[in-house]
Visitor: 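Take a look at the following structure, please.
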Amino acid sequence: MQVLLQRIASISPKDMIKDFLLIGLGQRSVGYDEGIVDRILENQKGSLVLLAEKAVLTPQQKAVMLDFISDPEKMKEDYLHLLQ
């Protein structure tokens, strides 16, 4: 378990968002590219629209994803704390 926590701690919040987006949206469904994470982090309203229209997530999962996007560092810390 400690190895898993260390591995997660070493991942940047931006890369975590990227991974979550690929899981929740799928690469083909949004035309995923490396710049999508930057665009989502810069535009909260656009993030909401993207997740609402494209994500194959439950409403609760979408809410969690929006929380993550609004403060990636805090959500990473919360995630690690939850796992501990």
Visitor: Under a 4.5 Å cut-off applied to non-hydrogen side-chain atoms, are Asp71 and Asp67 in contact?
Guide: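 Asp71 vs Asp67: side chains apart.
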Visitor: Are any non-hydrogen side-chain atoms of Ile69 and Met75 less than 4.5 angstrom apart?
Guide: no
Visitor: Taking all non-hydrogen atoms of both residues into account, name the closest pair between Met16 and Ile11 and its distance.
Guide: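 The pair with the smallest heavy-atom distance is CG-CG2, 3.5 Å.
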Visitor: Please give me the minimum heavy-atom distance between Glu73 and Pro13, naming the atom from each residue.
Guide: OE2-CG, 3.3 Å
Visitor: Under 4.5 Å between side-chain heavy atoms, counting indirect links through other Ile/Leu/Val/Met/Phe/Trp/Tyr residues: same cluster for Leu66 and Val49 or not?
Guide: no
Visitor: Give the minimum heavy-atom separation between Met1 and Leu83, together with the two atoms involved.
Guide: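 The answer is CE-O, 3.2 Å.
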Visitor: Between Leu4 and Tyr79, is there shared hydrophobic-cluster membership here, with clusters defined by ILVMFWY side-chain heavy atoms closer than 4.5 Å?
Guide: yes
Visitor: Nearest 0.5 Å please: distance from the NZ atom of Lys76 over to the NZ atom of Lys14.
Guide: 14.0 Å
